[in-house]
Every structure is written in structure tokens, then in C-alpha cells.
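Residue numbers start from 1 in every chain, and the chains themselves are labelled A, B, ... in the order their sequence lines are given, proteins ahead of strands.
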Number of protein chains: 4
Amino acid sequence: MCYNLLVIMKSKPKPNHGRRNQESRRALLEALKEMLIQHPLSSISIEVVAERAGVSKQTIYRWYHDKSALFIDLYETESVDRLMIPDMGSVEKELNELALQTWRFWRETACGQAFRQLVARCQSNLHASNQLRDDFMPRRRLFVTQILNRAVARGEIENGDCEVFTDLWVGFNWYHLLTNSLNDESIIPTMVSILLSGVMRK
Amino acid sequence: MCYNLLVIMKSKPKPNHGRRNQESRRALLEALKEMLIQHPLSSISIEVVAERAGVSKQTIYRWYHDKSALFIDLYETESVDRLMIPDMGSVEKELNELALQTWRFWRETACGQAFRQLVARCQSNLHASNQLRDDFMPRRRLFVTQILNRAVARGEIENGDCEVFTDLWVGFNWYHLLTNSLNDESIIPTMVSILLSGVMRK
Amino acid sequence: MCYNLLVIMKSKPKPNHGRRNQESRRALLEALKEMLIQHPLSSISIEVVAERAGVSKQTIYRWYHDKSALFIDLYETESVDRLMIPDMGSVEKELNELALQTWRFWRETACGQAFRQLVARCQSNLHASNQLRDDFMPRRRLFVTQILNRAVARGEIENGDCEVFTDLWVGFNWYHLLTNSLNDESIIPTMVSILLSGVMRK
Amino acid sequence: MCYNLLVIMKSKPKPNHGRRNQESRRALLEALKEMLIQHPLSSISIEVVAERAGVSKQTIYRWYHDKSALFIDLYETESVDRLMIPDMGSVEKELNELALQTWRFWRETACGQAFRQLVARCQSNLHASNQLRDDFMPRRRLFVTQILNRAVARGEIENGDCEVFTDLWVGFNWYHLLTNSLNDESIIPTMVSILLSGVMRK
DNA sequence: TCGTAATCGAGACGGTACGTCGTGTCTTGCC
DNA sequence: GGCAAGACACGACGTACCGTCTCGATTACGA
């Protein structure tokens with residue numbers, strides 16, 4: 001049910017028998033993006049998104065279980081490769097870069113504010129909550145584990161405790177996002193160094 | 001409009017002629033508390049709370065601006081300081097204990113659910129957000145810094161980076177609360193040990 | 001659930017605690033009446049009636065199970081006392097008068113066309129069908145049985161077979177309504193005389 | 001667009017290159033017939049008929065203008081002339097038999113339900129309405145007039161008022177069909193006797 | 001023998017309406 | 001004045017069918 005961007009993009013361009021209409025998907029995400037600039041996610045109804053995108057409600061429900069899923073599609077589409085950190089030869093450099101990019105992405109696009117709304121919404125919607133935890137977050141956490149895996153390969157850090165490390169990483173960033181404190185980037189290196197101390201090879 | 005706990009507590013013990021009915025307030029919070037145990041936040045409507053408490057909707061709206069305000073009243077009423085960890089001679093033990101107590105407090109009382117609602121509300125309310133960051137959280141963070149200060153005094157850890165350490169600490173716990181994953185307590189020691197590595201005296 | 005006109009009209013004028021808002025009921029029927037002039041019932045949605053009457057959908061559903069019930073309220077309100085035939089001393093005269101009045105009522109107001117739509121609708125809606133048979137028609141049939149009862153009292157006709165007589169009566173009129181043949185009133189006396197032969201006292 | 005039975009029946013027995021697939025037409029009517037037995041008309045959607053018949057919606061719309069047209073095709077296909085009553089020597093016996101057969105035909109085949117749909121459709125379609133009154137009904141009424149004619153020949157009844165008699169007859173049956181009350185056959189003799197009283201030779 | 005043209009299944013789509021739910025406001029009459 | 005009761009306008013929900021529209025596979029026919 002959940003739409004997979006990459007698979008679609010790689011499939012041959014010959015379109016449409018009973019397959020998803022890419023045009024309507026694009027219009028949908030575009031409409032949502034524009035609306036997110038002015039309104040919090042919670043005040044944006046599926047009804048209005050559909051109307052604005054020139055798409056029927058049913059089409060939304062066909063591809064997305066709810067508003068959150070729609071936003072997630074947008075979020076992932078927008079953040080693709082912005083948070084893909086290249087090999088910089090050092091886990092410390094890469095983690096610093098990832099945190100910096102994440103904070104900037106959140107500050108500079110509508111996505112930061114929108115993600116806050118998404119988290120908020122999940123606090124009163126069981127399905128959205130499960131989806132966030134089991135579907136969306138694992139994909140986000142990959143950006144971190146990728147870096148960690150490279151570091152393991154380089155022999156920089158021990159292999160293990162990767163999940164808890166990522167919990168701490170994500171928690172730190174969420175906390176700053178959710179309390180509106182993404183401004184002081186100077187604390188990032190400290191955070192990285194505290195975390196790395198716990199996993200560095202002696 | 002928003003109900004202020006202290007004012008009520010100072011009012012005479014047998015008041016009531018046109019003043020707020022304490023009985024209905026108590027019934028309201030009680031009903032809410034019971035429901036939070038069994039039902040996800042999402043499925044609790046003001047309508048149902050009112051009915052269960054035997055209170056009219058109007059009475060709720062007279063005293064609370066909206067649903068969140070009701071949850072917050074519950075949270076503040078319930079949250080006694082059961083998170084004060086005594087000196088156990090070791091920062092590691094104390095931090096483990098604090099995390100454990102925090103998770104249990106959130107899991108076993110309605111407060112975890114209520115706090116989630118509080119955080120959610122702050123994502124679309126600037127004033128609430130500032131209050132959370134500048135007023136409420138500093139008090140909560142004291143539970144951690146207190147332990148850290150004792151550890152510094154004992155010579156266990158370096159003095160410094162306390163704020164970032166606490167950010168990581170709080171972030172980790174929030175993350176697990178907000179994603180509904182407070183069940184697996186076995187990861188707590190790992191978390192504590194990673195964090196402490198970054199600040200332990202060599 | 002089904003609204004009873006007479007009870008309301010007789011109740012004391014002091015209005016409204018949780019009681020039905022008469023103004024919105026009036027607006028509703030008025031809106032429906034106007035729309036029936038231009039559109040068949042089947043093409044009139046509850047949504048639009050509500051909007052036109054300046055009333056919320058919920059309010060309609062509170063008082064009427066479905067569109068048919070709403071129309072029935074209108075129909076009965078409109079036809080009240082138009083089809084109440086006074087004692088004319090002779091069952092034959094009275095039945096002739098009743099048929100004449102019925103045909104004219106159907107021809108001259110929106111109600112005839114609307115009633116056709118109502119019957120049509122009942123052919124594909126079980127609930128509407130039951131309501132028509134068990135709720136609405138018994139009240140309509142009273143206009144006939146009233147006349148028959150008077151005739152029995154006068155000794156004009158036998159007491160019995162009243163139901164079948166009324167079936168025949170109603171069927172005849174329905175048939176002419178549903179086949180768009182309400183024009184030739186000259187057949188009415190023949191119909192009356194055939195029917196009466198079967199029940200007259202010898 | 002509207003499918004014409006006769007044209008099909010005259011077409012060569014083994015046609016089909018881009019011609020209509022008889023198998024899917026048969027499956028369609030069969031599915032419809034079966035569903036009419038168990039489900040009220042209201043709950044039968046084109047979508048479900050198509051699925052049950054293993055036929056695509058498009059195929060239905062290619063051959064029928066709308067849902068009613070589909071029902072009508074069924075009615076005309078199914079309605080063989082099983083209502084031809086033989087001479088039984090008595091008009092009363094014959095009329096009783098005719099009513100009984102009619103009711104059973106409507107109850108036991110899908111045709112009763114289909115005919116209800118036909119009548120319903122005529123209430124918002126002038127052309128269909130005229131056709132019903134001027135084309136279809138006269139043929140149906142023949143079953144009655146035939147019996148009446150025989151009775152006149154036998155000298156049982158007066159010659160005259162045949163049309164009004166038939167109006168009453170048909171109206172009575174329609175009324176019971178359209179209100180879903182074809183179950184209590186015990187009222188039929190009463191109906192016959194009332195009607196006959198009005199036309200019997202003294 | 002191979003187009004070619006229409007039918008067919010599948011099913012996505014834009015629509016319209018549905019009937020329900022929840023919010024927050026309002027009114028009434030009791031206390 | 002607070003309060004229970006409950007009607008109300010509003011807005012959104014998620015679902016059900018409608019009738020239209022591609023698409024690619026199938027199937028005869030006629031060149």
C-alpha cells in the first residue's frame with residue numbers, strides 16, 4: 001500500500017493500465033507542500049488537499065492510509081539525498097555533517113515544522129504512531145547506521161549497540177526540534193563527541 | 001479561562017455557591033485517568049470524558065480552553081516528584097534507576113499519555129512551547145543534573161558538558177515515550193553506559 | 001424519532017431547553033418544497049437541502065432517518081385537512097369527493113410528483129419501503145376508513161372487508177398517479193360505484 | 001446504446017468477432033437474478049453485479065445505459081407468458097387463479113423485483129412512463145380483459161366498465177407489489193368478490 | 001497469414017453523496 | 001451564578017457507487 005518511490009522511478013516509462021497516475025501523485029505532494037508553508041499539518045484536511053491538487057479523495061485513500069502517510073511521502077521525497085552523507089574518512093566528521101544537515105533541513109524547508117506536526121499527530125493517533133515507529137523511522141535511522149557501518153568497516157568503532165546509539169542520536173535531534181531549539185549549532189560537536197566516546201575502539 | 005490549580009487549592013475548603021464544583025473537577029480528572037489506562041489518546045473525546053464523569057460538556061469548556069488543557073491539568077495534578085533519586089554511591093546506578101523510574105512512571109500512571117499530549121500541543125502553540133522549554137523542562141532536567149553534580153563531587157565524572165548530556169538523556173526518553181516504546185527496559189543500561197563513557201574521568 | 005406534528009402544535013408555546021428548534025424544521029420543509037418544484041426527489045441530496053435551509057446535516061439526521069422521512073413530514077404537513085372529507089350524508093358522495101380531492105391535490109401541488117418519487121425510491125430502499133407501508137400509509141388510509149366507518153354507522157354498508165376495500169381504493173389511485181393518468185376524472189364515479197356494490201347492505 | 005433483445009436474437013447464431021459476448025450477457029442476467037432473490041434491490045450495485053458475473057463494469061455500460069436498463073433486460077427476458085389463465089367455467093375461479101399466479105410469479109422469480117424497478121424508473125423518465133402506460137401495460141391488461149370477455153360471453157357479468165374494473169385490478173396488485181406485501185394470499189378471494197359484485201349480472 | 005478492429009478484464013480516476021463523529025457554542029430550567 | 005441536558009452549526013471523516021477512462025490481452029474477420 002505504501003508507495004515506493006525508487007521502484008517506480010526505475011520502472012520503464014511506458015505508463016498506465018491500472019497503474020498509479022504519477023501526475024496526480026505529483027500534484028498531491030505539491031499541494032501539500034504549498035499548504036504546509038502557511039498552515040500546520042493538523043489544520044490541513046485531506047478534503048482540502050484533494051481539492052487543491054485536483055484529485056479525488058478516493059485517490060488519496062487508495063494510496064495512503066491517512067494524512068500522515070501522505071506527509072511521509074512528501075517528507076521522504078523532499079529529503080532524499082539531502083541527508084545522504086558521503087564517505088569523509090572519519091566517523092566524527094560525518095556525524096557532525098549529518099546533524100548539521102538535519103538541523104538545516106528542518107530549519108530551512110517546511111519539513112521541519114511539518115515533521116513536528118507529524119510527531120504531534122502521532123500522540124493522539126495509534127495508527128499514525130505505529131507507522132511512524134515501524135515504517136518511517138527505520139528508514140530515517142538508516143542515515144545514521146550507514147555512517148556507523150562505514151566506521152565499523154574502517155575499524156574506528158566497535159560493532160554493537162548501534163540501535164541504542166541511534167536512539168540517542170535521534171532523541172537528541174527530536175528534542176531540539178520539538179522544543180524549538182535548532183539554532184545553536186555549536187553544541188553539535190560536543191554531542192557527537194560524547195556519543196562517540198561510548199563506542200570508539202580503544 | 002484556563003484553570004489554575006493553585007487558585008483552587010487556596011480557596012476555602014467548603015466554598016461553593018456559584019463557584020466551581022470541586023466534585024465535578026475531581027470526577028473529570030478521575031474519569032480521564034481511568035480512560036487513559038485502557039484507551040489510546042486518540043479515542044478519547046471530550047464528549048465521552050464528560051459522559052463518563054457525569055459532567056456536562058459545557059462545564060468542561062467553562063474551565064478548560066480545549067482538550068489539551070484538560071490533559072495538562074491532569075498531568076500537573078498527578079505528577080508528584082517521585083523521580084527524586086537518592087544517593088546510591090554510583091552515578092551509573094543512579095542514572096539507571098532514574099531512567100527506570102521515569103519509564104515506569106510514564107507507563108504505569110496516566111501521566112505518560114498526558115505528557116505526550118502536552119508535547120503534542122506545544123508543536124502548534126508558540127506560547128505553550130516556550131513555557132515547556134523555559135519553565136517546565138528546566139525543572140524536569142534538575143533530576144538529571146542533581147545526579148551529575150553528585151557524580152562530579154564524587155570525582156566520577158568531568159565537570160562540563162552537563163547540558164548536552166542532559167539533552168541526550170531527555171531526548172532518548174522522549175523519543176521512547178513519543179514513539180510508544182517504553183517496554184524494553186533492557187536497553188537502559190546500554191544507554192547509560194554509552195552516555196557515561198563520554199563524560200567519565202579517565 | 002418520528003416527529004409528531006400535532007403533539008408539538010398543542011404543546012405550550014414556552015420553548016426550547018433541549019427541545020426541537022421549530023424554526024429549523026420550518027426552514028427545512030420550506031427548502032424541500034421549493035426544490036421539489038424543479039427537481040425530482042431522487043436528485044435532491046440531503047446535503048443540499050441542509051445547506052439551502054441553513055441547517056446542519058446532523059440536525060436532519062437527528063429528526064429524520066432518511067430523505068423519505070423528511071419528505072413524508074412535508075407531505076403530511078401540506079395535505080393536512082385538505083383530504084379530510086366532511087360528513088355529506090352519503091358514502092358515495094363522500095368517496096367521490098375524496099377521490100376528486102386526492103387527484104387534484106396530486107395534480108396541483110408539488111406533492112403529486114414528489115409522492116411518485118417517494119414510491120419510486122421505496123422500490124430500491126428497504127427501510128424507506130417499510131416506513132411507507134407501516135408508518136405512512138396507515139395514516140393515509142385513515143381518510144378512507146373514516147368515511148367507511150361513518151357509512152357503517154349510517155347503516156349504508158356492511159361492517160367488514162374494510163382493509164381490502166381500502167387496498168383497492170389506494171391501488172386505483174396509485175395506479176393512475178404512477179402512470180401519469182390523473183386527468184380523466186370522469187371515471188371516478190364508475191370506480192366508486194363498482195367498489196361500493198361489493199360492500200353495500202342489500 | 002440500450003440493448004435490444006430482438007436484434008440479438010435475429011443475429012446469426014455463431015457470430016462474434018468484435019460482437020457482443022453472449023456468455024457475459026447470460027452471466028450478467030444470471031447473477032442479477034440470483035442476487036434479487038436474496039438481497040433487496042437497494043443493496044445491489046452495478047459494481048457487485050459485475051464482480052459476481054465475472055464481467056467488467058465497462059462491459060455493462062457498453063450495453064446498458066444505466067442500472068434500470070439492466071433490470072429491464074432481465075424482466076423482458078424472464079417474463080414468459082405464464083399468466084394465461086385457461087377457461088375454468090367461472091369468472092370468480094379464473095380471477096382468483098390469475099391473482100394467485102401473478103403474486104407467485106412476482107414473489108418466486110426475480111421478475112417482481114425487476115418490475116418494481118421498472119415502475120420506479122418511470123417516475124422520473126417521461127418517455128419510459130409513456131411506454132409503460134401505452135405499450136407495456138395494455139399487453140398485461142389483456143390477461144384480465146380476456147377473462148372478463150369470457151365471462152360476458154357466459155353471461156356472468158355485464159358488458160361495460162371493463163377498463164375501470166381493470167384499473168382497480170391492476171392497481172390492487174401493483175399496490176401490494178410496490179409495498180412489499182405479496183405474502184398474505186388470503187385476501188385475494190375477498191378482493192375478487194368485492195370487484196365482481198360491482199359488475200355481476202343481477 | 002497476418003493485420004485490424006472491436007470486445008473484454010482489470011482497475012485507476014474525478015465525482016457526488018452518504019451517514020457518522022467530534023468540536024465548541026448556545027439555550028433552558030433546576031438548584 | 002454553576003450545572004446537566006441536549007440541540008445546534010460546522011467541518012472533517014472514511015466509504016460506497018457512479019460512470020468514464022485507459023490499458024494490454026484476446027479473438028475473429030477479412031485482406
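One atom, OH of C/Y61, and another, C1' of F/dA9, lie 16 Å apart when rounded to the nearest Å. Rounded to whole Å, the distance from CG on A/N125 to C1' on F/dG14 is 13 Å. Separating the CZ atom of A/R19 from the P atom of F/dG24 is a distance of 7 Å, rounded to the nearest angstrom. The nearest whole Å value for the distance from the CD1 atom in C/I44 to the P atom in E/dA17 is 11 Å. Atoms CD (C/E51) and C1' (F/dC10) sit 12 Å apart, rounded to a whole Å. Rounded to whole Å, the distance from CD1 on C/I60 to P on F/dA7 is 16 Å. Between A/N21 atom CG and F/dT20 atom P the separation is 19 Å, expressed in whole Å.
Under the 6.0 Å cut-off for aromatic ring centres, A/F115 and A/F71 do not qualify, their centroids lying 6.0 Å or more apart.
Listed nucleotides: E/dG22, F/dC13, E/dA12. Nearest to the side chain of A/W63: E/dA12. Of the listed nucleotides (F/dC21, F/dA4, E/dG15), F/dC21 has the atom at the smallest distance from the side chain of D/Q58. Listed nucleotides E/dG24, F/dC3, F/dG14 differ in distance to A/I46; the shortest reach to its side chain belongs to F/dG14. Considering only side-chain atoms of D/R62, the nucleotide from E/dC8, E/dG24, F/dC13 that sits closest is E/dC8.
In terms of polar N and O atoms assigned as donor or acceptor, the side chain of B/S56 comes within less than 3.5 Å of the base of F/dA4 in a complementary pairing. With hydrogens and angles left out, the side chain of D/K57 and the base of E/dG9 share no donor-acceptor pair within 3.5 Å. Contact annotation: side chain of B/E47 to base of E/dC21, donor-acceptor pair absent below 3.5 Å.
In this structure, the side chains of A/S56 and A/T59 come closer than 4.5 Å at one or more pairs of heavy atoms.
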*Evaluate the criterion salt bridge (charged side-chain N to carboxylate O under 4.0 Å, His left out) for residue pair C/E34 and C/R52; output intermediate values, then yes/no.*
CA-CA 10 Å; C/E34 285 169 15; C/R52 175 140 180 180; 2.7 Å; yes
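Within the nucleic acid shown, D/V55 comes within 4.0 Å of sugar-phosphate atoms alone, with no base atom in reach, counting heavy atoms only.
Comparing D/D66 and A/S45 by the nucleotide of DNA chain F that holds the closest heavy atom to each, the one mapping nearer the 5' end is A/S45. Nearer to the 5' terminus of DNA chain E, by closest-nucleotide assignment, is the contact made by D/A53 (compared with the other of A/S24 and D/A53).
Listed here is the closest heavy atom pair of A/T77 and A/D73: OG1-O, 2.7 Å.
Using a 4.0 Å cut-off, some side-chain N or O of D/T59 falls inside it from OP1 or OP2 of E/dG9.
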